[in-house]
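FYI, side chains are in, hydrogens and waters are out, and symmetry mates aren't considered; it's all heavy atoms of this structure. Sequential numbering from 1 along the given sequence is applied to the chain's residues.
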Amino acid sequence: MSDSKTWMCLICGWIYDEAAGAPEHGVPAGTPWADVPMNWTCPECGARKEDFEMVQI
């Protein structure tokens with residue numbers, strides 16, 4: 001999945017990688033950011049999905 005993107009929490013800096021997902025937080029590997037539920041929150045600080053920004057790593 002070479003076109004996967006990464007998203008960073010603007011509050012605490014936690015990174016969501018689409019390829020890895022966040023299975024321990026209810027998001028399976030390979031889940032595109034658009035498919036992450038709107039009520040999902042950052043596992044580190046509880047920030048909302050809208051507090052994330054796409055970043056290049």
Taking the six-membered ring of Trp33 as reference, does the cationic atom of Lys49 (NZ for Lys, CZ for Arg) lie under 6.0 Å from its centre and within 45° of its axis? yes
Check: Do Cys9 and Cys42 have side-chain heavy atoms sitting under 4.5 Å apart?
Finding: yes
Under 4.5 Å between side-chain heavy atoms, hopping through other hydrophobics if needed: is there a path connecting Val55 to Val27? no
(request) Report yes or no: does Glu18 contribute a side-chain atom to a donor-acceptor pair with the main-chain N or O of Lys5 at less than 3.5 Å? (result) yes
query: Quick one: are Cys45 and Trp14 in side-chain contact, heavy atoms under 4.5 Å?
result: no
Check: Going through the checks in order, is the side chain to side chain contact (heavy atoms under 4.5 Å, CB included) test met by Met38 and Trp40?
Finding: CA-CA 6 Å; Met38 283 305 295; Trp40 184 84; over 6 Å; no
Taken in chain and number order and not counting sequence neighbours, the residues that satisfy side-chain hydrogen bond (donor to acceptor under 3.5 Å, both in side chains) with Glu50 are Arg48
Between Pro23 and Ala20 the two heavy atoms that sit nearest each other are CD-O, 3.5 Å
Students should find that the hydrophobic cluster of Ile11, defined by side-chain heavy atoms under 4.5 Å apart, otherwise consists of none
(Q) Taking the side chain as everything from C-beta on, heavy atoms only, tell me whether Ile15 gets closer than 4.5 Å to Trp7. (A) no
Interatomic distance, OH@Tyr16 vs OG1@Thr6, rounded to 0.5 Å, equals 11.0 Å
_Please say yes or no: joined through hydrophobic side-chain contacts below 4.5 Å, possibly via intermediate residues, are Met54 and Phe52 part of one cluster?_
yes
